[in-house]
Amino acid sequence: MSSKIEQIITEIEEYIDNCKFQPLSTSKIIVNKDDIDELLAELRLRTPDEIRKYQKIIANKDAILNDAKERSESMIAEATAHINQLVSEHEIMQKAYSEANQVLEQAQQQAQDILNNATSEANDLRTRAMQYTDDILSNVQSILSTGMDSFENAQSQMMTALNSSLNVVVESRKELNGQDAVEEPSNEEGEDDITVDLL
């Protein structure tokens, strides 16, 4: 079963795929600001909930270990009480010591087994929860990186087209005026930002 974050990411991807391209462009799309804001707000809202859910799974490790500790302590206490009862009966002293040591040894072994199993289970839960959370965050990172790369490519293509058009204008003015050279407009401020039109 997919998480709510994964569902929202899928919705964002489908929304972007269904957006129309701007006229005369194959890279810029027309985005409805309210729609994309709503999807991003939902993603921001759901992300902490998902992370808290898996933090809770990780926190269950302590609960598992505490429960195992309580069970082992209870077993040892019962074994100790049994030892005391046997030892107090003088007529069966030797038998009591032998049985008591056997019971105590079994209790300690069972307690150790419980602790080992609980530790292994808790570590496994923690590892899976951390991996799942990291996979979700990696998916979000990939989407954001791809969007940034697409924006930079579109900006570069636009500047190339503008420079080409500028060169045509300059050459046309030269031919029109019969001059050897016309000062080209400078662009000291660098490339203009290319923005996605929002409805």
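As the structure is a computational prediction, the values presented were derived from the model and not from experiment. All values below come from the heavy atoms of this structure, side chains included, with hydrogens, waters and symmetry mates left out.
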Which heavy atom in Ala68 sits nearest to a heavy atom in Ile114, and how many Å separate them? CB-CG2, 3.4 Å
Can a donor-acceptor pair be found, under 3.5 Å and without considering hydrogens, that links the side chain of Thr80 to the backbone of Ile76? yes
Residues, nucleotides or ligands: over 12 heavy atoms within 6.0 Å of Glu105 CD: no
Hydrophobic cluster membership, Phe21 vs Ile36, 4.5 Å side-chain cutoff: yes
Between Ser172 and Val168, is there a donor-acceptor pair closer than 3.5 Å when you use the side chain of the first and the backbone of the second? yes
Which is it for Asp17 and Glu14 under the side chain to side chain contact (heavy atoms under 4.5 Å, CB included) test, yes or no, and what are the steps along the way? CA-CA 5 Å; Asp17 289 340; Glu14 291 175 353; 5.5 Å; no
Heavy atoms only: give me the nearest Leu39-Ile8 pair and the separation to one decimal. O-CG2, 3.6 Å
Rounded distance (nearest 0.5 Å) linking atom NZ of Lys28 with atom CE of Met158: 4.5 Å
Dump the intermediate steps for side chain to side chain contact (heavy atoms under 4.5 Å, CB included) on Leu104 and Gln108, then the final yes or no. CA-CA 6 Å; Leu104 181 59; Gln108 289 174 337; 4.0 Å; yes
Minimal non-hydrogen separation, Asn32 against Tyr15, with atom names: N-OH, 2.9 Å
Flag for Glu171-Asn167: side-chain donor and acceptor within less than 3.5 Å: no
Under 3.5 Å, side chain of Thr133 to main-chain N/O of Ala129, donor-acceptor pair present? yes
What's the separation between atom CZ in Arg173 and atom CG in Leu176, rounded to the nearest 0.5 Å? 9.0 Å
Close side-chain approach of Glu13 and Ile9, heavy atoms under 4.5 Å: yes
Under a single-linkage definition using a 4.5 Å side-chain heavy-atom cutoff for Ile, Leu, Val, Met, Phe, Trp and Tyr, are Leu144 and Ile136 assigned to the same hydrophobic cluster? yes
Do we see a donor-acceptor contact under 3.5 Å between the side chains of Gln157 and Asn153? no
Is the side chain of Asp124 donor-acceptor paired with the backbone N or O of Ser120 at a distance under 3.5 Å, no angle test? no
Applying side-chain hydrogen bond (donor to acceptor under 3.5 Å, both in side chains), name anything that partners Asp67, two or more places apart in sequence or on another chain. none
Here's a test for you: under side chain to side chain contact (heavy atoms under 4.5 Å, CB included), which of Val140, Thr146, Asn139 qualifies with Ile143? Asn139
List the atom of Lys69, the atom of Leu115, and the distance in Å for their closest heavy-atom pair. N-CD2, 4.1 Å
Applying side-chain hydrogen bond (donor to acceptor under 3.5 Å, both in side chains), name anything that partners Gln109, two or more places apart in sequence or on another chain. Asp113
So OG1 of Thr10 and CD of Glu6: to nearest 0.5 Å the spacing works out to 7.0 Å
Provide the closest heavy-atom pair for Ile29 versus Cys19 in the form atom of the first, atom of the second, distance. CD1-CB, 3.9 Å
If Ile, Leu, Val, Met, Phe, Trp and Tyr residues are connected whenever their side-chain heavy atoms lie under 4.5 Å apart, and connections chain through other members, are Leu137 and Tyr132 in the same group? no
